[in-house]
Engineer: 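My questions will all concern the structure given below.
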2 protein chains.
Amino acid sequence: MTNGKRQQNKEITRRAIVSAAVDLFSRNGYEKTSIEDLAKAAGIGKSTVYTYFKAKEEIFLAFCDEEFEYSFTALRDRVDADAPLIEQLHTLFMSQYEFVTSNREFGRILLREILFPKTVTSLAKQSNQRYLDALGEILTHAKERGEIRPELDNFFLSAHFFMLYLGALSGLYTGYVSTTEEVGAGLRILLNQALQGIAL
Amino acid sequence: MTNGKRQQNKEITRRAIVSAAVDLFSRNGYEKTSIEDLAKAAGIGKSTVYTYFKAKEEIFLAFCDEEFEYSFTALRDRVDADAPLIEQLHTLFMSQYEFVTSNREFGRILLREILFPKTVTSLAKQSNQRYLDALGEILTHAKERGEIRPELDNFFLSAHFFMLYLGALSGLYTGYVSTTEEVGAGLRILLNQALQGIAL
DNA sequence: CTATAAAGTCGACCGGATTCGACTTTATAG
DNA sequence: CTATAAAGTCGAATCCGGTCGACTTTATAG
C-alpha cells in the first residue's frame, strides 16, 4: 500500500545530498568537491548519489536552485515596479550580477550550464525560465504604462534583455571589464541601445 | 649559444599536437579523443603534451583557431557589403552558426570557452576579437551609408549584435528551438528589435 | 505469512585527465 | 673537452567521475 515510505526517504536523501553540496561547494568550490565527498557528507555510498542525480553538473544545478530561491525573493523588494523600465532592468540585472559573481567560479559554471547545457535538463531550463518570467512581468507592466511597443513579443523581449545582461557578465569573464562599475556602465549602454534602437 | 634549436623543436612539436588535434577532434570528436591518442599521433609521450598545453581545453582552443581561420575567410565572400545591415548581420551570423554547430558538441564547448573561459587566455579573447572586428567593419560601413546612429560606439554595437547571435545559439542548446529555420527566424526578430528599438 | 518482483544501495572497477619524479638531452661556463 | 645546471621527456601513479552487477530492502499478491 504505502509506497509513501520510499518516496519520503528518497526525498530525505536527496535533500541530504543537496545540503552537502551547498556546504561543500560553497566552502571548497565545485571542482575540489568530489562525488565521494558529497556521498560521505550525506551518509550514503558514492554510487547511490547517481540514483538521485545523473551527473555532478546536475547536483550543481540543484545547488543553484536553492541559492536562487533566496536571491530572487530578496530581489523582488528592491525593484521599484513604477521606476522607468531601464532602471528596473538595471536593478534586476545588477542584483543578479552581484549574486552570481559573489563566487567567480560558481558564476562561471552556472552561466555555462544555463546557456549551453550538456543535456537539456529540466533544471537548466527552469533556471532560465525564472529569469524570463521575472522579465516578462516587468515588461507587461511597462507595456501597460505605454513605455514600450506593445506589438513586440514578451518572450523575445525578455530573451533580448537577458542576453545583454549575459554579455555584460561575459565581459567580466573574458577580461574586457573588471569592476562592478564598469559592468554596470556597459550594461546601461547596451540596454539603452536596445530601448532607443540602433537604426536612424 | 644557439638556443634556437630547442625553440625550433618546441614549435614543431606544438604544431604536431595541434595538427593531430585537428585530425582526431574532427574525425572522432573532442570527448572521444584522449590525450594519449593525441600524443601517439604527434609521436610523443602522453605527459609531454602538458609541456605545451596546460589542459585539454587549451588544445581545443588552438584547434578552433585553425578552423576559424578557414571559416572566416570563406565567409567574407558571402556577405554583400551593400545589402541592408540586417541582411548582412543575418548572413554573417547564420554562416557562423552553421559552421559552429556543424558538430553540436564542438559548438557547445567552443561557445562555453569563448563566453566564460576558465582562465583569460589570449586565445579565447582572440576568437572574440575576430568577431568584434568583423562586425565593426560592417557597422562602420552602415554608418557611412547613414543606416545607423553614428554617435553609438562600435564596440558596444558589435557586442550587442554578437550577444543576440549567441542568444539564438543558446536557444538551440537549451532546446527552445531545434531547426536552423527557427534559429534564423528568432535571430531576425532579435536583430529587428535592436535596430528599430523597443521603446515607443 | 510467504514468495517474488521491484526498487534501492554500494563496493569494485574502468577510463581518461592530470601530476610526479626519475631519467635524458642540451647549452654553456671554465 | 668536461661538469653541471637547466630544460625536456615520459612511464607510472593518482585522482575522480561514472558504470556494473551482486546484494538488501520493501511492497504486494495470493
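Throughout, protein chains are lettered first and strands after them, A, B, ... in sequence-line order, and every chain is numbered starting at 1.
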Engineer: Report yes if a donor N or O on one partner sits less than 3.5 Å from an acceptor N or O on the other, where the partners are the side chain of Thr51(A) and the base of dG8(C); otherwise report no.
Structural biologist: no

Engineer: Counting Watson-Crick and G-U wobble pairs only, both distances under 3.5 Å, name the nucleotide matched with dA27(C), or none.
Structural biologist: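 Pairing partner: dT4(D).
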
Engineer: Using whole Å, what does the distance between atom C1' of nucleotide dC16(D) and atom OH of Tyr30(A) come to?
Structural biologist: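 Roughly 12 Å, once rounded to whole Å.
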
Engineer: In whole Å, what is the span from the CZ atom of Arg14(A) to the P atom of dG8(C)?
Structural biologist: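 Rounding to the nearest Å, CZ of Arg14(A) and P of dG8(C) are 14 Å apart.
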
Engineer: Taking only the side-chain nitrogens and oxygens of Tyr52(B), find out if one of them lies under 4.0 Å from OP1 or OP2 of dT9(D).
Structural biologist: yes

Engineer: Measure up the Tyr176(A) and Phe155(B) rings against each other and bin them: parallel (under 30°), tilted (30 to 60°), perpendicular (over 60°).
Structural biologist: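 The arrangement is tilted - the two ring planes meet at 30° to 60°.
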
Engineer: Between dT9(C), dG18(D), dT19(C), which nucleotide gets closest to the side-chain atoms of Ala55(A)?
Structural biologist: dG18(D)

Engineer: Please classify the nucleic acid contact of Ser47(A) as base, sugar-phosphate, or nothing, using heavy-atom distances under 4.0 Å.
Structural biologist: base

Engineer: Who is the Watson-Crick or G-U wobble partner of dA22(C), with both distances under 3.5 Å?
Structural biologist: dT9(D)

Engineer: In whole angstrom, give the distance that lies between atom CZ of Phe53(A) and atom P of dT9(C).
Structural biologist: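 Distance check: Phe53(A) CZ to dT9(C) P gives 13 Å.
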
Engineer: Considering heavy-atom distances to DNA chain D, does Thr33(A) or Gly45(B) have its closest nucleotide positioned more toward the 5' end?
Structural biologist: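 The residue whose closest nucleotide sits nearer the 5' end is Gly45(B).
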
Engineer: Quick one: sort the Phe116(A) and Tyr173(B) rings into parallel, tilted or perpendicular, breaks at 30° and 60°.
Structural biologist: perpendicular

Engineer: Between Asn28(A) (CG) and dC16(D) (C1'), how many Å, whole number?
Structural biologist: 15 Å

Engineer: When you check the phosphate oxygens OP1 and OP2 of dG17(D), does a side-chain N or O of Lys56(A) lie under 4.0 Å from one of them?
Structural biologist: yes

Engineer: Between Leu38(A) (CG) and dC10(C) (P), how many Å, whole number?
Structural biologist: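 The distance from CG of Leu38(A) to P of dC10(C) comes to 15 Å, rounded to the nearest Å.
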
Engineer: In whole angstrom, what separates Lys54(B)'s NZ from dT19(C)'s P?
Structural biologist: 11 Å

Engineer: Are the aromatic rings of Phe63(A) and Tyr30(A) close, with centres under 6.0 Å apart?
Structural biologist: no

Engineer: Do the side-chain N and O atoms of Ser26(A) and Asn103(A) include a donor-acceptor pair separated by under 3.5 angstrom?
Structural biologist: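 There is no such pair (donor and acceptor under 3.5 Å, judged by atom type) between the side chains of Ser26(A) and Asn103(A).
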
Engineer: Hey, what do you get for CD1 (Ile109(B)) to CD (Glu31(B)), rounding to the nearest 0.5 Å?
Structural biologist: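 One finds 5.0 Å between CD1 of Ile109(B) and CD of Glu31(B).
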
Engineer: Using a 4.0 Å heavy-atom cut-off across all strands, classify Ser34(B) as base, sugar-phosphate, or nothing.
Structural biologist: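 It contacts sugar-phosphate atoms only.
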
Engineer: How close or far is atom C1' of dC10(C) from atom CD of Glu36(A), stated in whole angstroms?
Structural biologist: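 The distance from CD of Glu36(A) to C1' of dC10(C) comes to 11 Å, rounded to the nearest Å.
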
Engineer: How many Å lie between NZ on Lys46(A) and C1' on dA12(C), as a whole number?
Structural biologist: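 The answer, rounded to whole Å, is 10 Å.
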
